[in-house]
Number of protein chains: 2
Amino acid sequence: MELSEGRLKFIEAWGKLGSEWGINRTMAQIHALLLISPEALTTEDIMEELTISRGNTNMNLRDLIGWGLVEKQHKSGERKEYFYADKDTWNIARQVAKERKKRELDPIIKLLNELSEVKGDDKDRNYKTFRSSVKDINKLAKNVNKTLETMLKAEESWFWGSIFKIFK
Amino acid sequence: MELSEGRLKFIEAWGKLGSEWGINRTMAQIHALLLISPEALTTEDIMEELTISRGNTNMNLRDLIGWGLVEKQHKSGERKEYFYADKDTWNIARQVAKERKKRELDPIIKLLNELSEVKGDDKDRNYKTFRSSVKDINKLAKNVNKTLETMLKAEESWFWGSIFKIFK
DNA sequence: TTAAACTTTCAGTAATTTTTGAACTTTTGA
DNA sequence: TCAAAAGTTCAAAAATTACTGAAAGTTTAA
């Protein structure tokens, strides 16, 4: 396979993966393009490569910056903004985990704690099933939460090393 | 909070969470409803509780069965089909992990292996960055893969026990 | 202070995804 | 064998989400 074909496939696959995980396709594609670009790119570069509009490019770049996956760069003597993606996969994974934890896991844990307080009749089967499901999900969510917190602080090699030491 | 309010909030939250993770809202809501229902429900029950159409209910139930999260039950002497959700959270997590691994991780690993074979000029910076990104993502994907495989085989208490033994 | 170079915003449009509902199929019991 | 009761399908409609392009905003340098 040629590099140019490989690059296209990579961008396409990253976009598809993103959309399967609730991340907009274009945002994932811009990220993919930056991941395989040695140099920072301008808005124009991205628009051309992906044939998308200026507005779309701009908004998705802001989002990527909001996710902590892309940063703005300025070249001295130039007015234009350049965009660069961190290439360290472990940082990317951590950053995504961090943001999704904040946006989704934390609120769900908060709700589950509230739902644990729901009062009812212990003889009511609906109530018993509700309580039991909420309790179990709560436990799982808290375990995931603890594991993510460890991961957020950890070095990649230590993290996987620890995992595999046990799992063999 | 009252049980009825809690049930509504739970269904709503589960639906939202699903949609944030690329799972259709209604499918997640049906799953939520079944999770907090002690008895198996009929299509009619679900249609009424969630005020959705028969077609929609039917299709999403098929999908849930396809994900291995819901099973059909038959009551003797009755024509109607009843639907029941496994309430074991660990089984649910494993089932979701298993399906998503099969549908998404496995294909991505296959592609990454192909992309590892892309030929090019070692002096080309584009080529070098491409190779390096592909290699790193490949490594991460394989680590995730191994961890998932362990998880799929494991008992819940053993799994979290092992994780926390290391992470403290 | 002006104008060129660039960035941001957002109303309108387009694309995609989800839902409906009615026609169609299957199963069952009389 | 038939009709009632249930289950399934899918074209069309609705809802949601993403994209465009042009106007408005900002920054810079002369």
Side-chain angles (χ1 to χ4, degrees), chain A residues 11-12 14-34 39-67 69-84 103-104, chain B residues 11-12 14-34 39-67 70-84 100 103-104:
Chain A
I11 291 169
E12 193 192 352
W14 208 241
K16 177 151 170 273
L17 194 67
S19 70
E20 286 165 341
W21 288 82
I23 283 155
N24 132 353
R25 175 183 255 80
T26 303
M27 178 170 144
Q29 287 184 336
I30 293 176
H31 186 228
L33 173 60
L34 291 174
E39 316 284 354
L41 302 182
T42 63
T43 301
E44 300 277 340
D45 294 334
I46 297 167
M47 287 167 60
E48 276 177 33
E49 286 270 2
L50 305 178
T51 47
I52 56 177
S53 73
R54 186 175 299 282
N56 196 8
T57 308
N58 183 275
M59 296 214 303
N60 283 112
L61 279 170
R62 299 306 121 193
D63 282 354
L64 282 165
I65 292 170
W67 276 79
L69 295 173
V70 165
E71 62 179 32
K72 243 189 247 189
Q73 283 187 351
H74 291 279
K75 300 207 173 171
S76 60
E78 282 207 59
R79 173 70 207 289
K80 267 198 292 261
E81 289 175 342
Y82 287 78
F83 298 93
Y84 183 80
R103 296 173 195 206
E104 295 155 24
Chain B
I11 291 169
E12 193 193 349
W14 208 244
K16 178 154 170 269
L17 194 68
S19 71
E20 285 165 343
W21 287 81
I23 283 155
N24 131 354
R25 175 182 256 82
T26 302
M27 177 169 147
Q29 287 184 336
I30 293 176
H31 186 229
L33 173 61
L34 291 173
E39 317 284 353
L41 301 182
T42 64
T43 301
E44 300 277 342
D45 294 334
I46 296 167
M47 287 168 60
E48 278 177 31
E49 286 269 3
L50 304 177
T51 49
I52 54 177
S53 73
R54 184 175 302 282
N56 196 8
T57 307
N58 184 277
M59 297 211 309
N60 283 113
L61 278 169
R62 302 304 121 194
D63 282 353
L64 281 166
I65 291 169
W67 276 79
V70 165
E71 62 179 31
K72 244 190 247 191
Q73 284 187 350
H74 291 280
K75 300 207 174 174
S76 60
E78 283 206 59
R79 170 70 206 291
K80 266 199 294 268
E81 290 173 342
Y82 287 77
F83 299 93
Y84 184 79
R100 294 203 86 143
R103 297 173 194 207
E104 295 155 25

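Protein chains get the first letters and strands the later ones, always in sequence-line order, with residue 1 at the start of each.
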Tell me, for nucleotides 11-18 of chain C in 5' to 3' order, what letter each nucleotide earns: B for a base near a protein heavy atom under 4.0 Å, S for only sugar-phosphate near one, - for neither?
-------S
Starting at atom [atom1] of [X], determine the distance to atom [atom2] of [N], rounded to an integer number of angstrom.
X: A/Asp45; N: C/dC6; atom1: CG; atom2: P; result: 12 Å
X: B/Asp63; N: D/dC10; atom1: CG; atom2: P; result: 14 Å
X: A/Leu61; N: D/dC19; atom1: CG; atom2: P; result: 13 Å
X: A/His74; N: C/dC6; atom1: NE2; atom2: P; result: 13 Å
X: A/Arg62; N: D/dC19; atom1: CZ; atom2: P; result: 16 Å
X: B/Met47; N: C/dT20; atom1: CE; atom2: C1'; result: 11 Å
X: B/Lys80; N: C/dG29; atom1: NZ; atom2: P; result: 13 Å
X: B/Asn60; N: C/dG21; atom1: CG; atom2: P; result: 16 Å

Rounded to the nearest 0.5 Å, the CG atom of A/Leu61 sits from the OG1 atom of A/Thr43 at a distance of 5.5 Å
Is there a side-chain contact between B/Arg100 and B/Ile23 (heavy atoms, below 4.5 Å)?
yes
Taking C-beta and beyond as the side chain, do B/Phe83 and B/Ile65 meet within less than 4.5 Å on heavy atoms?
yes
Residue-phosphate contact under 4.0 Å: A/Asn58 side-chain N/O, C/dT7 OP1/OP2
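Negative; the distance criterion is not met.
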Look at the aromatic rings of B/Trp21 and A/Trp21 and report parallel, tilted or perpendicular, splitting at 30° and 60°.
perpendicular
Pick the closest DNA chain C nucleotide for B/Ser53 and for A/Glu81 by heavy atoms, then say which residue is nearer the 5' end.
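It is A/Glu81, whose closest nucleotide lies nearer the 5' terminus.
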Take B/Thr57 and A/Glu44, find for each the nucleotide of DNA chain C with the closest heavy atom, and name the residue whose nucleotide sits nearer the 5' end.
A/Glu44
Take B/Arg54 and B/Met47 through the test side-chain contact (heavy atoms from CB on, under 4.5 Å) and record every step on the way to the result.
CA-CA 6 Å; B/Arg54 184 175 302 282; B/Met47 287 168 60; 3.9 Å; yes
Regarding B/Glu12 and B/Lys16, does a basic nitrogen lie under 4.0 Å from an acidic carboxylate oxygen?
no
Residue A/Ile52, side-chain heavy atoms: nucleotide from C/dT8, D/dG7, D/dT20 that is nearest:
D/dT20
Residue A/Thr43, side-chain atoms from C-beta onward, closest of C/dT7, D/dT8, C/dT8:
C/dT7
Could you walk me through whether B/Gln73 and B/Glu81 pass the side-chain contact (heavy atoms from CB on, under 4.5 Å) check?
CA-CA 6 Å; B/Gln73 284 187 350; B/Glu81 290 173 342; over 6 Å; no
Please confirm whether the backbone N or O of B/Gly55 pairs with a side-chain atom of B/Asn58, one donor and one acceptor, at under 3.5 Å?
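Between the backbone of B/Gly55 and the side chain of B/Asn58 there is no qualifying donor-acceptor contact (under 3.5 Å).
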Listed pairs, N/O of protein and of nucleotides 22-28 of chain C, under 3.5 Å:
from, atom 1, to, atom 2, distance (Å)
C/dT27, O2, B/Arg79, NH1, 3.3

Heavy-atom pair with the smallest gap, counting every atom of B/Gln29 and B/Ile11:
CG-O, 3.6 Å
